[in-house]
Number of protein chains: 2
Amino acid sequence: MVTLKDISRDLGLSVTQVSRALGDHTDVNPQTKQRVRAAADRLGYRPNAVARGLKTGRSGIVAMVVSGTRSPEVSAHLLEIVMGLSAEFSRIGLRFVLHVAQPDEDTAQLHEDLFLAGGIDGFIVISPLRHDPRIKALRRLGAAFVVHGRDPDQRHVHVDIDNHGVGYRLADHLLARGHRRIAFLTAGDHTFFSQERVRGLRQAYADRGLDCAAAQVIGMPMIAPEGYRATRDLLSQTQPPTAIIAGNTMLARGVYAAAAECNVAIPGELSVITHDDGLDLFGTDTFDPPLGGTISPLSDAWVSVARTLQNMIAAQNDGLMECILPLGFREGGSVQSVLD
Amino acid sequence: MVTLKDISRDLGLSVTQVSRALGDHTDVNPQTKQRVRAAADRLGYRPNAVARGLKTGRSGIVAMVVSGTRSPEVSAHLLEIVMGLSAEFSRIGLRFVLHVAQPDEDTAQLHEDLFLAGGIDGFIVISPLRHDPRIKALRRLGAAFVVHGRDPDQRHVHVDIDNHGVGYRLADHLLARGHRRIAFLTAGDHTFFSQERVRGLRQAYADRGLDCAAAQVIGMPMIAPEGYRATRDLLSQTQPPTAIIAGNTMLARGVYAAAAECNVAIPGELSVITHDDGLDLFGTDTFDPPLGGTISPLSDAWVSVARTLQNMIAAQNDGLMECILPLGFREGGSVQSVLD
DNA sequence: CCCTAAATCCGAAACGTTTCGGAAAAGACA
DNA sequence: TGTCTTTTCCGAAACGTTTCGGATTTAGGG
């Protein structure tokens with residue numbers, strides 16, 4: 001391994017000056033810098049991240065811990081998220097690594113172990129639950145971390161979207177077109193984002209003076225097979241809903257499949273609408289008819305997540321920060337009015 | 001952060017003795033060990049992995065770099081692999097992390113950067129190509145790594161199965177039951193394992209004095225949609241094959257789907273057989289009729305991979321090691337004889 | 001009571017880097 | 001010539017750990 005000392009010996013300089021030259025500090029002669037850089041190149045010097053980490057207390061590595069899963073969709077979704085985060089972090093000079101835990105492993109403990117061992121500057125937490133134990137652990141440890149989403153039961157830095165707005169706008173879009181019996185396929189009640197969306201939906205009914213009892217809120221894992229199953233059930237009711245809100249595009253995929261199988265035309269006999277997180281996988285443009293709804297690309301979220309975490313690491317910024325990303329809307333062709 | 005120095009001060013001992021006590025060395029009084037351990041517990045001491053890494057040159061972290069992908073099946077497959085490796089490494093006290101590269105990123109360069117920065121003891125390489133650039137880079141750097149699979153163009157430590165045997169046994173099993181027109185759905189020719197399997201298949205024909213021209217070898221990405229498409233094509237031939245060998249269970253899934261859609265009965269009108277890597281996802285018991293073929297659980301491979309890498313890291317073992325895992329066979333109910 | 005060996009301890013150096021405080025040299029100005 | 005800046009450099013300490021070599025104490029054997 002080539003070290004600073006090797007370069008300094010080669011050049012007859014002190015280790016100090018070599019370090020400062022490579023770090024482009026001010027108090028080193030410009031042509032000395034050149035010589036040092038040349039020598040470093042020639043000898044194949046690579047700074048030792050471990051030594052640097054010991055001295056500076058920073059490794060340049062951020063991590064995310066996720067639980068393994070059996071669902072191919074969840075895996076694919078997860079990996080696309082990881083790719084997005086990875087790209088964003090490498091853009092700002094940080095390295096992003098993933099630790100995949102066993103499904104039954106205690107991830108809060110894992111975060112703690114990882115943090116206390118040192119060598120990890122910060123963490124990303126996604127899909128927080130209410131009273132999320134990972135967040136609790138990271139807070140207790142004083143670790144730098146940012147959450148994508150929000151746990152209302154604990155204060156923490158987060159990047160999120162306006163989920164109340166998502167529920168409101170999706171419902172309102174349907175209500176404005178005469179729909180009343182609306183089914184809302186969403187996550188279980190253990191997640192805040194789902195609670196918020198439901199609240200938004202109810203608000204939309206209320207703002208129009210309507211009774212939200214006409215809406216059916218159904219919680220489930222947000223993957224295609226569940227959307228399929230729920231839709232089959234819904235369509236076999238005596239009074240099936242005229243519109244379905246799918247919490248994400250995977251659920252929507254299931255809704256489309258079930259509708260096709262039941263010979264229910266979209267949007268003729270059933271309107272469908274979703275929130276689209278902009279992942280390639282299950283993109284709304286792969287739907288026929290094209291799927292409408294709110295849009296907020298995750299790729300935008302990752303930019304904020306990465307930058308925010310970088311700030312926290314650099315500045316020990318303890319001031320609570322929150323970043324709510326804007327919401328778009330795409331008309332699509334999956335909704336039809338039921339007004340006369 | 002609680003350090004050895006804190007403990008030593010608390011106990012009136014030297015840092016040396018504290019370190020040795022916690023390391024359970026011989027020349028420290030048993031009851032001193034107790035005191036030290038108690039103090040460490042009480043103060044909440046956690047060894048600093050970075051400092052230890054600087055001193056020992058080992059971090060206890062092994063990594064795998066993979067390219068991101070668009071295919072949900074590949075993602076799911078990958079994540080299950082990662083879970084398996086993760087479990088195995090954590091069992092032997094090493095930490096396994098994943099770095100997901102962009103699809104267009106140079107992974108060989110990434111391995112190099114990661115290694116030269118220090119802090120990573122070894123690497124896992126899966127799905128090697130011929131003349132694999134990652135292997136070339138790791139060899140050049142003298143890094144510890146083990147490959148699952150094999151690149152015959154370079155010497156390296158690897159854990160693999162007998163792929164010639166896989167091809168041979170699968171083909172032989174069908175040939176013994178009278179099949180001659182056999183389609184073999186496998187990976188492209190850029191992978192050694194596929195070449196070997198094909199060689200095995202040809203050998204099986206030859207050993208029976210048969211002309212292997214009756215076999216169709218078709219290369220493709222080994223995922224369900226491709227298996228589906230290929231099977232549709234095959235079944236629409238004027239003389240369709242009487243048996244299909246699917247390179248893995250994902251391909252087999254596609255084969256089953258296509259056969260069902262074409263109203264071709266398995267095994268009545270079409271025999272199917274596969275190599276099963278024992279992943280939960282697409283397990284052979286989820287097939288109807290149950291899918292037969294060779295078996296070699298990847299979970300077994302991970303045990304070897306982890307242990308081998310551990311040895312390499314510990315002992316700088318440069319002696320070329322190779323580990324060929326045994327092959328099982330499961331009869332299943334997906335093959336029928338075409339003999340009179 | 002002395003000598004040796006075992007048991008138990010400790011100081012100091014090392015890993016490779018960053019950085020603080022100062023030192024030397026050179027030029028500017030009086 | 002002497003003083004003051006500016007430029008350019010360097011020694012040494014520090015991060016937290018492991019480990020080598022030696023030091024001190026205690027026990028055992030004669």
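Protein chains get the first letters and strands the later ones, always in sequence-line order, with residue 1 at the start of each. If you're wondering where the values come from, they're calculated on a predicted model, not measured in any experiment.
The residue Ser19(B) sits close to a base: some heavy atom pair falls under 4.0 Å. At a threshold of 4.0 angstrom between heavy atoms, the contacts of Thr26(B) with the nucleic acid are absent. Base engagement by Val15(B) is indicated by at least one non-hydrogen atom pair under 4.0 Å involving a base atom.
The heavy-atom pair separating His99(A) from Leu110(A) by the smallest distance is CD2-CD2, 3.6 Å.
Look at CG on Leu43(A): it is 16 Å from C1' on dG16(C), rounded to the nearest Å. Spacing between atom NZ of Lys5(A) and atom C1' of dC10(D) amounts to 15 Å, rounded to whole angstrom units. As rounded to whole Å, 18 Å separates atom P of dA24(C) from atom CG of Leu13(A). The separation between Tyr45(B) atom OH and dT17(D) atom C1' is 7 Å, rounded to whole Å. Computed from coordinates, the Leu116(A) CG to dG16(D) P distance equals 14 Å when rounded to whole Å. The CZ atom of Arg52(A) sits 17 Å away from the C1' atom of dA14(D) (whole-angstrom rounding). Distance Arg58(B) CZ to dT18(D) P: 12 Å, rounded to the nearest Å.
His158(B) and Asp151(B) are not linked by any side-chain donor-acceptor pair at a separation below 3.5 angstrom, with hydrogens and angles left out of the test.
Contact annotation: Gln17(B) reaches the phosphate of dC9(C) (side-chain N/O to OP1 or OP2, under 4.0 Å). Close to dT18(C), at under 4.0 Å from its OP1 or OP2, lies no side-chain N or O of Thr16(A). Phosphate proximity of dT18(C) to Arg20(A): absent, as no side-chain N or O sits under 4.0 Å from OP1 or OP2. One finds a side-chain N or O of Ser14(A) lying less than 4.0 angstrom from the OP1 or OP2 phosphate oxygen of dC10(D). For dT18(C), the OP1/OP2 oxygens have no side-chain nitrogen or oxygen of Thr56(A) closer than 4.0 Å.
Arg58(B) and Asp121(B) are not joined by a salt bridge, as no carboxylate oxygen comes within less than 4.0 angstrom of a charged side-chain nitrogen. A salt bridge does not link Arg95(B) with Asp113(A): none of the charged nitrogens is closer than 4.0 Å to a carboxylate oxygen.
Of all nucleotides listed (dC9(D), dT8(C), dT19(C)), dT8(C) comes nearest to the side chain of Asn29(B). The side chain of Leu4(B) approaches dT18(D) more closely than any other nucleotide in the set dT17(C), dT18(D), dG16(D). Nearest nucleotide to the side chain of Ala51(B), out of dG16(D), dT18(D), dT17(C): dG16(D). Relative to the side chain of Lys55(B), the nucleotides dA14(C), dG11(C), dA12(D) differ in distance, and dA14(C) lies closest. Residue Met1(B) places its side chain closer to dG16(D) than to any other of dC15(D), dT18(D), dG16(D). Comparing dT17(D), dC9(D), dT8(C) by their nearest atom to the side chain of Asp27(B) picks out dT8(C). Relative to the side chain of Asn48(A), the nucleotides dT17(C), dG16(D), dT18(C) differ in distance, and dT17(C) lies closest.
The shortest distance between side-chain heavy atoms of Val62(A) and Phe89(A) falls below 4.5 Å.
When the nearest nucleotides of DNA chain C are assigned to Val28(B) and Pro47(A) by heavy-atom distance, the more 5′-ward of the two goes with Val28(B). Nearest-nucleotide mapping onto DNA chain C: of Leu54(B) and Arg35(B), the residue sitting toward the 5' end is Arg35(B).
A distance of 11.5 Å separates CG of Asp132(B) from OG1 of Thr191(B), quoted to the nearest 0.5 Å.
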